[in-house]
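One structure is given below, encoded as structure tokens.
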Protein chains: 2
Amino acid sequence: MPFSPGSGTGWVDAMSEELSERSRLILKAIIEDYTVTGEPVGSRTLSRREGINLSPASVRNVMADLEELGYLSSPHTSAGRVPTEKGYRFYVASLLRVRQLSRDLREYLRRECQLRELDTEGLLREAGRILSATSNYTGLVMVPRFTTTVFRRIEFVRFSETRVLVVFITQAGIVQHKLVEVSEPLTQAELDEVTNYLNQEFTGLSVQEIKRRVARQMAQERAIFDSLQRRALLLSSSVLQHDLDDRVFVEGASNILEQPEFADLAVMKRLLRTFDQKALLVELLDKAQQVEGVQILIGSAEAHSEIEGCSLVTSCYSSDRGTTGILGVLGPTRMPYAMVIPLVDYAARLVSEILKNESDTI
Amino acid sequence: MPFSPGSGTGWVDAMSEELSERSRLILKAIIEDYTVTGEPVGSRTLSRREGINLSPASVRNVMADLEELGYLSSPHTSAGRVPTEKGYRFYVASLLRVRQLSRDLREYLRRECQLRELDTEGLLREAGRILSATSNYTGLVMVPRFTTTVFRRIEFVRFSETRVLVVFITQAGIVQHKLVEVSEPLTQAELDEVTNYLNQEFTGLSVQEIKRRVARQMAQERAIFDSLQRRALLLSSSVLQHDLDDRVFVEGASNILEQPEFADLAVMKRLLRTFDQKALLVELLDKAQQVEGVQILIGSAEAHSEIEGCSLVTSCYSSDRGTTGILGVLGPTRMPYAMVIPLVDYAARLVSEILKNESDTI
DNA sequence: CGTTAGCACTCCGCGGGGATGAGTGCTAAC
DNA sequence: GTTAGCACTCATCCCCGCGGAGTGCTAACG
């Protein structure tokens with residue numbers, strides 16, 4: 001379960017700064033306490049804690065140092081300390097030890113995913129739901145990018161004079177569809193021929209490869225009067241022209257409202273608006289998708305004010321060569337990473353495994 | 001734009017009780033004032049209002065009567081009056097005069113819907129988004145019930161040894177898909193044969209009709225050894241067995257948070273949880289779907305506590321014989337019905353029209 | 001008899017002013 | 001280096017008193 005160093009603001013990255021053993025201990029304790037209570041942590045509380053044999057005053061000294069270094073902050077003079085984002089990043093990168101998911105939970109997840117007969121889209125949605133229910137935060141799942149998917153089958157259905165419904169099925173079993181306008185009328189019989197031709201020609205190729213091939217053939221055989229082939233090429237190029245939308249499933253949006261840090265109305269609205277629009281989610285997930293393994297984004301106010309106070313834990317899943325999507329959990333930065341990280345990790349592995357198993361290559 | 005009398009608690013229904021002209025005037029004024037301000041309305045405010053030439057004291061007398069009858073209530077002794085649900089129902093059933101939608105808005109909606117090349121699902125989603133954006137509340141769209149839809153085309157794609165991906169396209173252009181388990185392995189070639197057979201056999205029938213036919217044939221021809229036909233029947237019956245899920249699009253869930261009446265955290269959570277789960281939405285929409293025309297449900301605490309304080313304005317759309325879905329707006333009971341009702345009405349007509357136009361029968 | 005002015009009453013919301021208590025930083029002693 | 005002690009700072013809570021909006025009632029008016 002490697003944490004890859006991310007790039008850009010907010011992503012957890014290796015830290016150069018070194019802290020003394022004692023400072024690390026105290027920072028860890030503060031974060032773990034704060035994770036549970038959500039309240040600023042005071043020196044008394046800490047000094048009473050198992051494993052810390054220091055008086056409140058000594059603890060205060062350390063805390064003052066940590067605050068100076070930017071790992072902690074205090075909401076006001078007479079409150080305890082709260083971890084900063086920097087503190088969290090350090091914690092996740094250097095202090096956190098994640099355990100494996102309990103056997104029970106692993107088996108539970110596996111059963112949930114396999115229980116129902118689900119097509120791929122159903123499986124992905126279900127994965128999101130499970131992530132959400134298990135973590136009590138919001139589950140996010142992005143279906144694989146269209147261009148990286150491997151083509152399995154295409155179908156054309158005549159819809160009206162000039163409109164054709166294109167159904168595109170990827171190797172992983174994701175069904176996407178789209179209505180395209182055609183310049184010259186086509187009968188269903190002609191469409192069927194086109195369908196056969198394209199299915200023979202392109203099965204097993206990635207969308208990218210198909211695009212290249214279509215372009216090449218169209219250039220090459222401009223003079224060809226085999227109308228079937230010409231039409232097929234025209235149609236498929238107009239299908240591939242615009243990518244089909246990237247799709248994100250957001251499950252359990254209301255879960256996040258339970259978090260006391262989002263009790264503020266304005267914050268809550270901003271968050272839900274983000275869920276509604278999805279554009280930012282796609283952007284974030286996309287960025288995380290470029291890296292393997294579990295990725296952790298700890299909300300940074302500068303970069304993405306919409307999800308201030310939030311963290312995003314993600315991992316990629318894949319079905320076959322090149323085709324990867326991403327799934328994860330969005331919750332408050334004050335999140336039990338030791339639980340969420342292995343959860344997301346396992347979910348991604350599970351989805352990958354199921355996708356690979358259930359679709360043999362044709 | 002007829003308002004059909006609904007059945008069951010909460011649905012707007014014809015009212016037997018009669019009110020004096022003056023009472024009606026005052027009730028109307030109170031509701032319209034409250035719709036704008038969201039604050040309890042006092043007698044002074046009303047008496048100063050255009051069209052009411054009564055002193056505050058007289059107004060108070062009428063208000064006391066209306067309160068006695070259950071059309072109004074006062075949050076506490078020294079606040080003004082607020083309409084009750086009963087008050088709203090009476091208002092919608094008897095006092096409200098809806099104007100037509102402005103030409104500008106009509107044209108705007110039409111343009112928005114036709115602007116992009118959208119397949120049916122895209123159109124329905126877009127309709128939801130537009131309803132939400134125009135009303136500033138939450139847009140709901142339910143795709144037509146599976147059993148009432150008319151079959152256009154089916155495709156089978158071999159997915160693994162024992163799994164077949166079924167893609168089902170309705171006359172209206174809605175694509176649904178599903179993975180089914182088969183007992184005996186099938187090659188893609190066999191599946192193609194089955195596909196052809198079924199498409200020839202069933203195009204243009206409703207799912208219900210197909211179900212009946214399949215059942216009849218299976219009973220009749222038990223002894224038939226034409227394996228193609230047998231397999232085709234087996235497959236299609238296992239597809240039709242479980243209805244595909246009813247699907248609801250919820251657009252602009254965050255809009256509803258802007259409403260001051262939902263500023264309360266608990267209320268808000270309950271509402272969003274309802275959006276997440278969708279089951280209740282399906283139930284409500286389903287009930288409204290049984291009636292033609294614009295339907296108005298004014299939130300009733302007894303029947304559906306989850307949407308207490310909310311109203312639902314819906315109307316059915318249809319593409320072809322029998323196939324109807326429903327769309328609408330969910331907002332606070334304090335809602336400008338005079339605007340929302342024609343909006344929903346027009347949206348439903350628009351969607352119906354576009355669906356009918358763009359798909360000729362094959 | 002309906003309408004209206006006047007008046008006492010009620011109750012919400014707001015702002016001020018302790019009291020409380022948690023937590024800190026500093027200093028000095030161990 | 002660690003710790004006890006102490007003064008200090010704020011947020012929170014609660015209480016109180018006030019102003020204002022709005023009511024219901026009563027009595028006077030046309």
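Note that these values count all heavy atoms, side chains included, but never hydrogens, waters or copies made by symmetry. A note on names: the letters A, B, ... follow the listed sequences, proteins ahead of strands, and every chain is numbered from 1.
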Searching all strands shown, indicate the nucleotide that pairs with dG20(D) (Watson-Crick or G-U wobble; both distances under 3.5 Å).
dC11(C)
Rounded distance (Å) that lies between atom C1' of dT3(D) and atom CZ of R22(A)
12 Å
Which two nucleotides bound the region of DNA chain C that has atoms under 4.0 Å from heavy atoms of chain B, read 5' to 3'?
dT3(C) to dC12(C)
Using a 4.0 Å heavy-atom cut-off across all strands, classify S43(B) as base, sugar-phosphate, or nothing.
sugar-phosphate
Do K278(A) and V250(A) have side chains that get closer than 4.5 Å, going by heavy atoms?
yes
Would you sort out whether E85(B) and T333(B) count as a side chain to side chain donor-acceptor pair (under 3.5 Å), showing the intermediate values?
CA-CA 8 Å; E85(B) 288 175 4; T333(B) 297; 5.4 Å; no
Name the closest nucleotide to the T45(B) side chain, picking from dG22(D), dT3(D), dT2(D).
dG22(D)
Other residues, nucleotides, ligands: >12 heavy atoms within 6.0 Å of K269(A) NZ
yes
Separation of dG22(D) P from I30(B) CD1 (nearest whole Å):
12 Å
Should we count CZ of R24(A) as having more than 12 external heavy atoms under 6.0 Å?
yes
Got a donor-acceptor contact below 3.5 angstrom from the D65(B) side chain to the S23(B) backbone?
no
Go through residues 72-79 of chain A and report each residue with a non-hydrogen atom lying under 4.0 Å from DNA chain D, sorted by number.
H76(A), T77(A), S78(A)
Residue from V92(A), V340(A), I341(A) passing side-chain contact (heavy atoms from CB on, under 4.5 Å) with V98(A):
I341(A)
Between dA21(D) atom C1' and R48(B) atom CZ, what is the distance in whole Å?
11 Å
Who does dA28(C) pair with, Watson-Crick or G-U, both distances under 3.5 Å?
dT3(D)
In Å and rounded to the nearest 0.5 Å, what is the OH to CG distance from Y34(A) to L72(A)?
11.5 Å
Would you say the side-chain atoms of S311(A) and Y337(A) include a donor-acceptor pair closer than 3.5 Å?
yes
Rounded to whole Å, how long is the line connecting atom CZ of R81(B) with atom P of dG22(D)?
12 Å
Rounded distance in Å - CZ (R44(A)) to C1' (dT3(D))
14 Å
How many Å lie between CZ on R60(B) and P on dA27(D), as a whole number?
16 Å
For R44(B), does the CZ atom sit with more than 12 other heavy atoms under 6.0 Å from it, leaving out its own atoms?
no
